[in-house]
Protein chains: 2
Amino acid sequence: MPHAKRAADDLTPLGKLDEGALHGLLGYQLAQAAILTTGVFTHAAGQPLELRPVEFTILQLVNENADITPGRLAKALAMTAPGITIWLDRLEGRGLVLRERSTTDRRAQNVSLTRSGQALVSQALKNVLAEERSVLQSLSEGERTMLLELLHKVARLRK
Amino acid sequence: MPHAKRAADDLTPLGKLDEGALHGLLGYQLAQAAILTTGVFTHAAGQPLELRPVEFTILQLVNENADITPGRLAKALAMTAPGITIWLDRLEGRGLVLRERSTTDRRAQNVSLTRSGQALVSQALKNVLAEERSVLQSLSEGERTMLLELLHKVARLRK
DNA sequence: TATTGTTATACTCTATAACTATA
DNA sequence: TATAGTTATAGAGTATAACAATA
């Protein structure tokens, strides 16, 4: 007797499709939720400031971690080394980040933000935080906090 | 006084970078959590059954929604029409789905699974559910349920 | 020899525009 | 005219392999 009972809202948004077993799959629910947040990012910061989500994240991680290396950025974002090189090339070309050879290990590089990069990422962060808060109004403060904490807990399970 | 106090685990996984304000951004936490679930999917079903995440989701949505149309699939997955066409082409080429003209509206198509498609998606679902459960053991049953429900609530905010 | 990072190249995925056929 | 779906084409993003410099 497959899918006997089912909640009335056990559906995908737009399409109003029956999710069935997908309802209990974390990967699927993450992807569905990300459709919303990707739209929020694009509207609040991506389009007005010409930033891709990954570019924003790189800028913010550099902003919070002084003299970070491309290698550590690649690991944090689960990207390959050539991948991070290309993004840093673009950001450097726009005058948002600086790459300097490490003095202790001349193979490595220290990445930092320019004034312009700091200003841009600050504005982007402000915009996205505000729009997320606005869009997530139907969740209580407790629900938003709980959601972020649980996601953080999941993210930290990465080896 | 920027980022005054900060919890000891306010860090990204692998890189152990300071997330700072990113900690409170839903879009970022979703992306970080998805790195884990994408790995779980690939290991449990993607590689052994030669399925992309999007292919698995299409198969499962078709499985749960009889005679669904490509248009509705496209909306549910936030894809363009040419995008869904290509994925359905591939799945049909592998003998996993069937496309038949609708009798009531001859522009539309009814998508359904073949026996082979049903068997494959069932196996994939079983594999992924089992591995997610295994990987998420450090979360309590209540936490896993709460996380899925909150994500579903966020996903349904899509207009 | 191993590590950090770049370059070269090809592949996957996606998007837009133009098209066919039905309504 | 509008809608469902396809085809054609180009672009964005990513991965692998080969490389240079340093440890």
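Chain letters run A, B, ... following the sequence lines, proteins first and then strands; every chain starts at 1.
- What separates CD of E50(A) from P of dA12(D) is a distance of 12 Å, to the nearest Å.
- Applying the 6.0 Å contact sphere to CE of M146(B) captures no more than 12 heavy atoms from other residues, nucleotides or ligands.
- Salt-bridge annotation for E50(A) and R94(A): absent, with no side-chain N of the basic residue lying under 4.0 Å from a carboxylate O of the acidic one.
- For R133(B), the CZ atom counts as loosely surrounded, since its 6.0 Å shell holds 12 or fewer non-hydrogen atoms of other residues, nucleotides or ligands.
- Here the closest non-hydrogen pair linking L148(A) and G24(B) is CD1-O, 3.7 Å.
- For Q109(B), whose side chain is taken as the heavy atoms from C-beta onward, the closest listed nucleotide among dT22(C), dG5(D), dT14(C) is dG5(D).
- Atom NZ of K75(A) and atom C1' of dT3(C) are 10 Å apart (whole Å).
- With the nearest nucleotide of DNA chain D identified for both T104(A) and A81(A), A81(A) has the one nearer the 5' end.
- Comparing T103(A) and T80(A), the nucleotide of DNA chain D nearest to each residue sits closer to the 5' end for T80(A).
- A donor and an acceptor atom sit less than 3.5 Å apart, one in the side chain of R107(A) and one in the base of dT3(C).
- Within 4.0 Å of S102(A), counting heavy atoms only, lies no atom of the nucleic acid at all.
- When the side-chain nitrogen and oxygen atoms of R90(A) are compared with OP1 and OP2 of dG13(D), one or more of them lie within a distance under 4.0 Å.
- One can place CD1 of I86(A) at 15 Å from P of dG5(C), the figure rounded to the nearest angstrom.
- We find that CG of D89(B) is positioned 14 Å from P of dC13(C), with the value rounded to whole Å.
- G71(B) comes within 4.0 angstrom of the backbone, heavy atoms only, and of no base.
- Between the CZ atom of R99(B) and the P atom of dA4(D) there is a distance of 16 Å, rounded to whole Å.
- The side chain of R52(A) lies closest to dA12(D) when the candidates are dA12(D), dT7(D), dG5(C).
- Applying the 4.0 Å criterion to OP1 and OP2 of dT14(C), one finds that W87(B) has a side-chain N or O inside that range.
- Rounding to whole angstrom units, CZ of residue R101(B) and P of dA4(D) are separated by 12 Å.
- Taking atom CE on M79(B) and atom P on dT12(C), their separation rounds to 16 Å, with Å as the unit.
- Distance from the side chain of A108(B) is smallest for dA4(D) among the nucleotides dA4(D), dG5(C), dT22(D).
- Between the CZ atom of R106(A) and the P atom of dG5(C) there is a distance of 13 Å, given to the nearest Å.
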